[in-house]
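Because the structure is predicted, anything quoted here is derived from the model rather than measured.
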Amino acid sequence: MDSLVTSARPEADDRFDTARVTVAVDALAEKHSGREDVFRAALAQLLKAEMVAARDTAQALLLRDRNGRHCAERLCFVQDEIIRILYASATRHLYRSPVPSGAERMPSSPPAATAAA
């Protein structure tokens with residue numbers, strides 16, 4: 001059973017620098033304020049470039065250590081972070097709601113499974 005237990009996740013910046021990308025997104029939003037179409041295009045271009053870079057890094061690490069599971073975990077983490085950044089960008093810069101409803105809030109983790117009655 002011990003072999004199934006994984007160690008704590010490395011810091012996010014080990015796999016993907018979410019803070020750096022978020023700062024870049026905020027800068028794009030400020031630069032293209034009032035021109036949402038231009039912001040969307042710039043955001044897509046930025047995140048696509050980040051994804052390509054993350055895939056290149058994952059591939060290089062895979063070729064070095066031959067650990068497919070670590071490669072898959074890295075790619076999943078990066079994709080999760082990009083989705084979080086996209087959601088945050090949409091709610092902060094494109095579709096602002098001063099008081100979001102419960103349905104508009106994105107949970108930080110999946111809800112716990114409930115037992116059937």
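In the hydrophobic clustering of this structure, Ile82 groups with Phe39; members are Ile, Leu, Val, Met, Phe, Trp, Tyr whose side-chain heavy atoms approach within less than 4.5 Å, directly or through other members. Criterion: ILVMFWY side-chain heavy atoms under 4.5 Å apart, direct or through other members. Under it, Val78 and Leu61 are not part of a common hydrophobic cluster. Leu28 and Val23 fall into different hydrophobic clusters, where Ile, Leu, Val, Met, Phe, Trp and Tyr residues are linked whenever their side-chain heavy atoms come under 4.5 Å apart, directly or through other members.
In plain terms, the two heavy atoms of Ala54 and Leu75 that are nearest each other are O-CD2, 4.4 Å. The minimum heavy-atom distance linking Val25 with Ser89 is given by the pair CG1-OG, 3.1 Å.
For the residue pair His32/Asp37, the side-chain donor-acceptor check at 3.5 Å is not satisfied.
Remark: side-chain polar atoms of Thr91 are paired, donor with acceptor, to backbone N or O of Ala88 under 3.5 angstrom. Looking at Arg96, its side chain does come within 3.5 Å of a backbone N or O of Arg92 through a donor-acceptor pair. With hydrogens and angles ignored, the 3.5 Å screen pairs a side-chain donor or acceptor of Arg35 with a backbone N or O of Lys31.
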**OP:** Step by step, work out the side-chain contact (heavy atoms from CB on, under 4.5 Å) result for Arg40 and Leu94.
**Re:** CA-CA 9 Å; Arg40 283 187 190 104; Leu94 295 171; 3.9 Å; yes
Subject >> Leu47 and Ile85: CA distance, side-chain angles, deciding distance, side-chain contact (heavy atoms from CB on, under 4.5 Å) verdict >> reply: CA-CA 9 Å; Leu47 295 180; Ile85 290 168; 4.2 Å; yes
**OP:** Applying side-chain contact (heavy atoms from CB on, under 4.5 Å), run through Arg84 and Glu81 and close with a yes or a no.
**Re:** CA-CA 5 Å; Arg84 283 186 186 92; Glu81 291 303 295; 2.8 Å; yes
**OP:** Would you please test Arg74 and Thr57 for side-chain contact (heavy atoms from CB on, under 4.5 Å) and show each step?
**Re:** CA-CA 9 Å; Arg74 175 181 289 275; Thr57 300; 4.3 Å; yes
Original post:
Would Arg55 and Glu50 count as a salt bridge (charged side-chain N to carboxylate O under 4.0 Å, His left out) if you check the C-alpha gap in whole Å, the side-chain angles of each, and the deciding distance to 0.1 Å?
Top reply: CA-CA 9 Å; Arg55 284 182 184 154; Glu50 291 294 335; over 6 Å; no
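In this structure the side chain of Glu36 never reaches within 4.5 angstrom of the side chain of His93, judged on heavy atoms.
For the atom pair CZ of Arg64 and SG of Cys71, the computed distance is 12.0 Å after rounding to the nearest 0.5 Å. With rounding to the nearest 0.5 Å, the separation of NE2 in His70 from CZ in Phe77 is 14.5 Å.
Salt-bridge check for Glu73 with Arg69: passed, with a basic side-chain N closer than 4.0 Å to an acidic carboxylate O.
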